[in-house]
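All values below come from the heavy atoms of this structure, side chains included, with hydrogens, waters and symmetry mates left out. Just so it is clear, the model here is predicted, and its values are computed rather than measured.
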Amino acid sequence: MRSPIVIGTGLLVSLILNAQVFAQSTVQLPQLTAQATTQQILNKNTKKLRSGIITLQRTACFGACPIYKITIFPDGRVVYEGERFVKVVGKRTAKISPQAVNRLVAEFNKVNYFSLPNNYQGGPTDLPSAITSLTIGKHQKTVNHYLGSPNAPQALTALENKIDAVVNSQRWIGAKNEPTPNPNDSNSTQLKVNRQLWNQQRLANYRFTFSRSCFCLPKATQPVVITVRNGQVASITAVNNNEPVDAELFQQYNTIPKLFGIIDDAITRKASSLTVKYDPQLGYPTQINIDYNQQVADEELFLTISNLEPLK
């Protein structure tokens, strides 16, 4: 008969070994958390991208803000649904290239969309919201961005504007019942009026936040703060850490007059699509979306200018 001590020792060793195996297997289990990054989701669903859907919805405000929704499917199908304060009420369909859809998904990845908060609220009242969503495989994310929120990243606003620009939603959401103008004539007139308004301000010292979305180096797309003194760029620093950046990457865009020049150049070159928004008080451009040639991929340019502040 075996000794009870031997049996007890064997049992103890067995329990220890089993515990170690269990601990190892527990460590190796995949962790499913709500903080999965957009890139991780894309990596896991590379073969499922055909099930991806992008949406953008703009809501009502205390006024005549356009109310509409855009849905973009992986094959490039676009469905527009206009509700109120838009040129086209009802449903319209259009088509963009699957490559353009993939580039939009890449823009979601840049802002790490699946890690953003679900809601951005607060700030001045009576403004509209922009509600975006992205579905990749079994993963779905919606972000409700109240446009008055002081907490929303500028990159999210740029993403919302880029969705509009890529599908050319301006053709549907112009002022209700307005005649369709010649785009070049309209842009030329707006440029002339707003450039004159800006020049009347006589601002030689100012600061603004700038971001660019394009098929270019990642360092060239980071949001930056540009400070101008006596009409010349004085400094360019990154928004996220206030550190100086490579000024050469922003050489074409580092003053407001140069940004007017970008618009002027697009008009002269008869760009396939040019959409510009201007600040109503100071006249400087706040959004510049350019597609120079619809037949050429990766040459689109999307610029966002915000938080302009006159300096003493």
A.B. asks: Please determine whether residues Ile256 and Ile236 belong to a single hydrophobic cluster, defined as Ile, Leu, Val, Met, Phe, Trp and Tyr linked transitively by side-chain heavy-atom distances below 4.5 Å.
C.D. replies: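 Yes, one cluster joins them.
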A.B. asks: Could you check whether any side-chain heavy atom of Tyr284 comes within less than 4.5 Å of a side-chain heavy atom of Leu203, counting everything from C-beta outward?
C.D. replies: no
A.B. asks: Taking the side chain as everything from C-beta on, heavy atoms only, tell me whether Asn109 gets closer than 4.5 Å to Glu107.
C.D. replies: no
A.B. asks: Look only at the side chain of Gln232 and the backbone of Val228, and say whether a donor-acceptor pair between them is shorter than 3.5 Å.
C.D. replies: no
A.B. asks: Take atom CZ in Arg229; do more than 12 heavy atoms of anything else shown fall under 6.0 Å from it?
C.D. replies: yes
A.B. asks: Do the rings of Phe260 and Tyr278 sit parallel, tilted or perpendicular, given the 30° and 60° boundaries?
C.D. replies: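 Taking Tyr278 first and then Phe260, their aromatic rings lie parallel (interplane angle under 30°).
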A.B. asks: Leu249, Ile226: one ILVMFWY side-chain cluster at the under-4.5 Å cut-off?
C.D. replies: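 Leu249 and Ile226: one cluster.
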A.B. asks: Below 4.5 Å, heavy atoms only, C-beta onward: do Asn254 and Lys258 meet side chain to side chain?
C.D. replies: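 Yes, at least one pair of side-chain atoms sits under 4.5 Å.
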A.B. asks: Can you name the residues that form a side-chain hydrogen bond (donor to acceptor under 3.5 Å, both in side chains) with Gln287, not counting sequence neighbours?
C.D. replies: Asn161, Asn289, Thr304
A.B. asks: Tell me if the NZ atom of Lys141 is crowded by more than 12 foreign heavy atoms within 6.0 Å.
C.D. replies: yes
A.B. asks: So with a 6.0 Å cut-off around CD of Gln200, is the heavy-atom count from everything else above 12?
C.D. replies: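 Enclosed: over 12 neighbouring heavy atoms sit under 6.0 Å from CD of Gln200.
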A.B. asks: Where the side chain of Thr221 meets the backbone of Arg212, is there a donor-acceptor pair that is under 3.5 Å apart?
C.D. replies: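 Not a single qualifying donor-acceptor pair exists.
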A.B. asks: Would you confirm whether Thr227, through its side chain, and Arg207, through its main-chain N or O, come within 3.5 Å as a donor-acceptor pair?
C.D. replies: no
A.B. asks: Heavy-atom distance under 4.5 Å between the side chains of Asp264 and Thr268, does that happen here?
C.D. replies: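 SC-SC contact between Asp264 and Thr268 confirmed.
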A.B. asks: Is the ring pair Phe210/Phe250 parallel, tilted or perpendicular, if the boundaries are 30 and 60 degrees?
C.D. replies: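 Taking Phe250 first and then Phe210, their aromatic rings stand perpendicular (interplane angle over 60°).
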A.B. asks: Does any part of the side chain of Leu104, heavy atoms only, come nearer than 4.5 Å to the side chain of Ile72, both counted from C-beta?
C.D. replies: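 Side-chain contact under 4.5 Å: yes.
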A.B. asks: Could you state whether Phe114 and Val111 fall into the same hydrophobic cluster, counting links through intermediate Ile, Leu, Val, Met, Phe, Trp or Tyr residues with side-chain heavy atoms under 4.5 angstrom apart?
C.D. replies: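 The answer is yes; both residues are in one hydrophobic cluster.
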A.B. asks: Going by heavy atoms in the side chains, are Pro153 and Tyr120 under 4.5 Å from each other?
C.D. replies: yes
A.B. asks: Set out, in order, the CA-CA distance, both residues' side-chain angles and the distance that settles side-chain contact (heavy atoms from CB on, under 4.5 Å) for Glu83 and Lys69, then state yes or no.
C.D. replies: CA-CA 8 Å; Glu83 186 174 337; Lys69 181 178 181 181; over 6 Å; no
A.B. asks: Scan side-chain atoms only and decide if Asp164 and Tyr68 contain a donor-acceptor pair under the 3.5 Å cut-off.
C.D. replies: yes
A.B. asks: Taking the side chain as C-beta and beyond, is there a heavy-atom pair between Val86 and Tyr80 under 4.5 Å?
C.D. replies: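 Sidechains of Tyr80 and Val86: in contact.
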A.B. asks: Tell me whether Leu259 is reachable from Ile267 by hopping between hydrophobic residues (I, L, V, M, F, W, Y) whose side-chain heavy atoms are closer than 4.5 Å.
C.D. replies: yes
A.B. asks: Look at the side chain of Tyr253 and the backbone N and O of Leu303, then say whether any donor-acceptor pair between them is shorter than 3.5 Å.
C.D. replies: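 No; zero donor-acceptor contacts below 3.5 Å.
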A.B. asks: Is Ser213 close to Lys162 at the side-chain level, that is, under 4.5 Å between some pair of heavy atoms?
C.D. replies: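 Yes, at least one pair of side-chain atoms sits under 4.5 Å.
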A.B. asks: Can you check whether Ala271's main-chain N or O pairs, donor with acceptor, with Asn293's side chain at less than 3.5 Å?
C.D. replies: no
A.B. asks: So Phe85 and Ile173, side-chain contact (heavy atoms from CB on, under 4.5 Å) or not? Walk me through it.
C.D. replies: CA-CA 8 Å; Phe85 305 117; Ile173 65 174; over 6 Å; no
A.B. asks: Let me check something: do Leu301 and Leu191 share a hydrophobic cluster, defined by ILVMFWY side-chain heavy atoms less than 4.5 Å apart, either directly or through other members?
C.D. replies: yes
